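The structure under discussion appears below in the form of structure tokens.
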Number of protein chains: 2
Amino acid sequence: MKKILILGAGRSSSSLIEYLLELAVKNNYEVTVADASLDLAQQKTHKHPNSRAIFLDSGDELKTHTEIQRADIVVSMLPAFLHAGIATQCVKLKKSMVTASYVSPEMKALDEDAKKAGIILMNESGLDPGIDHASAMKIIDDIKSQGGNLTVFKSYTGGLIAPESDDNPWGYKFTWAPRNVILAGQGTARYLENGKYAFIPYTKLYTRTEKIHFDTLGDFEGYANRDSLSYRSIYGIENVDTILRGTLRKAGYCEAWNVFVQLGMTDDTYLIPESEKLSIREVVESFLPAGTGEVKNRLAGYLGIPVKGEVMDKLEWLGLFEDTKLNVKNASPALILQTLLEDKWKLKEGDIDMIVMQHQFEYNLKGKTHKLQSSLVVKGDDAIHTAMAKTVGYPVGIITKLILEEKIKLTGVHTPTVREIYEPLLTELERLGVRFVEKEY
Amino acid sequence: MKKILILGAGRSSSSLIEYLLELAVKNNYEVTVADASLDLAQQKTHKHPNSRAIFLDSGDELKTHTEIQRADIVVSMLPAFLHAGIATQCVKLKKSMVTASYVSPEMKALDEDAKKAGIILMNESGLDPGIDHASAMKIIDDIKSQGGNLTVFKSYTGGLIAPESDDNPWGYKFTWAPRNVILAGQGTARYLENGKYAFIPYTKLYTRTEKIHFDTLGDFEGYANRDSLSYRSIYGIENVDTILRGTLRKAGYCEAWNVFVQLGMTDDTYLIPESEKLSIREVVESFLPAGTGEVKNRLAGYLGIPVKGEVMDKLEWLGLFEDTKLNVKNASPALILQTLLEDKWKLKEGDIDMIVMQHQFEYNLKGKTHKLQSSLVVKGDDAIHTAMAKTVGYPVGIITKLILEEKIKLTGVHTPTVREIYEPLLTELERLGVRFVEKEY
């Protein structure tokens with residue numbers, strides 16, 4: 001019997017646990033789910049005969065040690081900062097480990113030790129990072145192996161609401177951590193375009209979007225992520241002329257979101273005094289030059305947006321000009337905005353989410369320029385089996401299985417950028433309905 | 001003989017040292033100037049018979065102790081972070097101390113001990129903070145003592161080039177630390193207007209200026225400082241409806257500076273890869289959307305500024321669209337901009353600087369609304385006796401004298417916001433030509 005230890009039974013563990021339990025009888029797995037809430041661990045294991053649900057506090061080093069010792073492989077779905085500590089124990093006990101998180105410097109430092117121990121520390125095995133690496137590298141390696149020369153690589157991902165549940169003018173609901181959505185894009189986006197470095201400061205980010213089309217879904221818009229440049233070395237494409245990674249929103253979202261950026265309402269660096277006394281309209285007013293007249297008209301004049309139009313429709317739908325008090329004490333502007341949006345953008349019963357991803361490639365092959373795109377659309381099944389839970393959990397589960405079956409024999413610190421990993425991973429993902437569609441264009 | 005110890009002989013100590021040496025014979029002072037450069041200390045004391053120039057490393061605690069022990073009063077013109085350590089020694093040795101820096105939490109914590117020791121730890125005794133406090137509090141206290149009710153307080157300060165040396169379209173040269181000018185305004189300006197909190201994010205700061213007129217000099221523009229709100233308690237005007245502190249630039253400066261803000265060229269948080277290889281035009285281009293045509297025209301289109309006009313004149317005068325390489329390795333955008341401006345905005349021989357300050361008050365007295373403004377203009381005499389050196393050094397020197405003469409008898413941690421300090425300070429400043437002109441308007 002192969003013993004799998006899964007640390008953490010939170011939202012993104014659901015599909016992972018189910019995937020491994022479905023294989024458990026046939027493959028002779030014992031799946032232990034450990035969480036600081038025993039109740040949660042029990043919910044997720046459904047009393048499956050091949051499962052164990054146990055209480056485990058992440059601070060309890062002794063018990064963690066005992067459980068790792070007992071296991072054949074460890075999957076950590078805990079917060080990323082805990083991974084290096086667990087990985088250190090895994091190295092000592094010679095157990096392979098899988099996570100969905102970025103390789104931290106501490107993790108990277110364990111590479112030699114992991115190789116000596118004969119184990120793999122497998123990271124970035126979720127959606128983004130994870131499926132993005134695997135699906136992009138498959139095409140990049142194919143182009144290279146044909147003798148092609150990659151000139152352009154762009155890649156966009158979005159976690160959104162599915163069209164069938166999309167019933168608001170923003171085309172957006174919170175399907176993932178709201179705070180990250182409010183603060184998204186702060187800093188400066190850095191990428192490469194036509195061989196030149198390019199920089200977009202936050203204040204311009206939501207005005208410099210690119211239209212991204214999905215045949216089955218229509219138009220989205222992508223804004224650049226902070227770091228695209230490092231992907232040149234990660235993907236081994238140092239000589240590419242254009243590289244950009246971005247985030248997808250429904251068309252029209254960014255122009256309206258830019259209103260909050262320009263006002264200063266996404267700022268999380270200071271507190272608004274007596275914030276609990278202010279209505280949302282008064283908060284908006286505090287960002288406008290002093291004046292008389294309706295706040296709505298003053299805002300439109302200040303930012304140069306039409307008083308009637310799609311942007312204003314979105315703002316009004318949020319109730320931005322209403323007398324509503326949010327009653328948040330010691331709130332930053334960002335927290336006030338988050339509080340408003342958490343009410344307006346919350347999922348209704350039966351709402352399902354959706355993951356969209358699109359890679360775009362341009363390459364020269366035998367004197368001809370080719371354009372290729374590869375697109376993924378995954379919809380959630382329900383509130384538990386969300387698209388996010390599936391696209392994070394499946395690849396983690398599949399890679400765990402592949403390591404147990406010794407189809408992945410690598411040792412040391414890895415990510416799914418190598419053929420030995422991404423090829424069987426993508427094949428199994430397809431079987432589970434996570435399927436990229438390629439087209440020349 | 002009264003012994004004065006001055007720590008630090010840098011730029012802003014010149015007028016301070018001269019002021020005290022001029023009084024030295026008549027008042028029987030010995031003035032010791034201590035610096036990590038003995039040469040600099042000697043230059044500043046001019047071999048005056050009442051002076052001592054000594055070498056002192058700020059890390060040499062023993063010698064510092066000996067010198068403080070020897071002195072009757074200590075003046076620290078060292079970097080602000082060193083003040084708390086020196087103040088601790090002053091408390092132990094029962095010597096009063098004067099600095100031009102803001103009261104730090106560590107300094108504030110010494111208040112009780114200083115009172116017990118019977119000494120004063122006098123801070124914020126320069127220009128801003130310093131002269132601003134004294135001159136504003138004099139009028140605020142006058143209004144209060146007449147039974148008036150202050151409703152509006154605004155205060156603007158600028159360190160600029162004098163009109164006679166102003167020969168560039170920006171009306172600006174570096175008369176003080178360049179880096180602070182490049183980064184000025186980052187964060188969010190917070191103030192109170194008509195009883196309501198008001199916030200201006202950096203991206204809008206340079207568009208929301210106020211015209212500030214000086215009868216003798218013409219128009220300037222003021223942009224809001226980050227923190228105006230705390231001055232309500234500092235000045236004891238908790239019920240004021242409008243409070244704003246700001247920074248002055250020559251009219252027209254802010255609209256052009258906003259180009260750099262919007263492009264992202266004042267960002268100091270990341271490095272431009274291979275920055276030494278780029279010309280200034282290529283750096284500008286890296287902030288523009290990809291395109292063809294002249295960088296100048298693309299910039300104008302992107303930011304919506306006229307291709308011909310005052311803003312573009314300012315940018316072209318800087319050589320922003322030229323092929324010049326700046327050769328700065330590992331540079332942030334802010335450092336590249338600073339390098340360009342340090343060349344263009346440097347002082348020529350004979351150039352003199354200028355300090356401008358204006359307070360604006362509105363108050364109700366016996367049913368009538370009054371508007372009062374109080375303005376200061378100080379010009380430098382030469383490259384050593386700059387307006388900045390005088391307006392920082394004189395008040396520090398005057399307050400040192402007032403403490404030695406026991407005209408200031410306060411003990412504990414103080415700033416020049418109380419009548420016992422600001423009244424004799426302002427009188428002596430007037431004698432030295434640092435004179436506020438008041439007018440009702």
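What's counted below: heavy atoms across the whole structure, side chains too, no hydrogens, waters or symmetry copies. Letters go in sequence order (proteins before strands), and every chain restarts at 1. Please read these numbers as outputs of a predicted model, since none were measured by experiment.
Using a 4.5 Å cut-off between heavy atoms, L303(B) touches chain A through its side chain atoms alone. Only the side chain of E285(B) comes within contact range of chain A, judged by heavy atoms closer than 4.5 Å. Using a 4.5 Å cut-off between heavy atoms, L278(B) makes no contact with chain A at all.
For CD of E342(B), the number of neighbouring non-hydrogen atoms (other residues, nucleotides, ligands) closer than 6.0 Å is greater than 12.
Considering every non-hydrogen atom in both N194(B) and A290(A), the closest pair reads ND2-CB, 4.1 Å. For the residue pair K204(A) and Y302(B), the shortest heavy atom distance occurs at CG-OH, 3.1 Å. The shortest heavy-atom contact between P273(A) and L229(B) is CG-CD1, 4.1 Å.
With 3.5 Å as the limit, one finds a donor-acceptor pair spanning the side chains of Y197(B) and E274(A). Side chains of Y270(B) and R226(A): a donor-acceptor N/O pair is absent below 3.5 angstrom, by distance only.
Contact tally against chain A (heavy-atom pairs below 4.5 Å) for M265(B), R190(B), E282(B): the top residue is R190(B). If you tally non-hydrogen atom pairs under 4.5 Å between each of I200(A), T207(A), T188(A), T269(A) and chain B, the highest count goes to T188(A). Your options are V261(A), I272(A), V283(A), and the one with the most heavy-atom pairs under 4.5 Å with chain B is I272(A).
Considering CG of L192(A) and OG of S286(B), their distance stands at 11.0 Å, rounded to 0.5 Å. Separating the OG1 atom in T203(B) from the CG atom in D267(A) is a distance of 11.5 Å, to the nearest 0.5 Å. Atoms CG and CZ, on L288(B) and R208(A) in that order, are 7.0 Å from each other to the nearest 0.5 Å.
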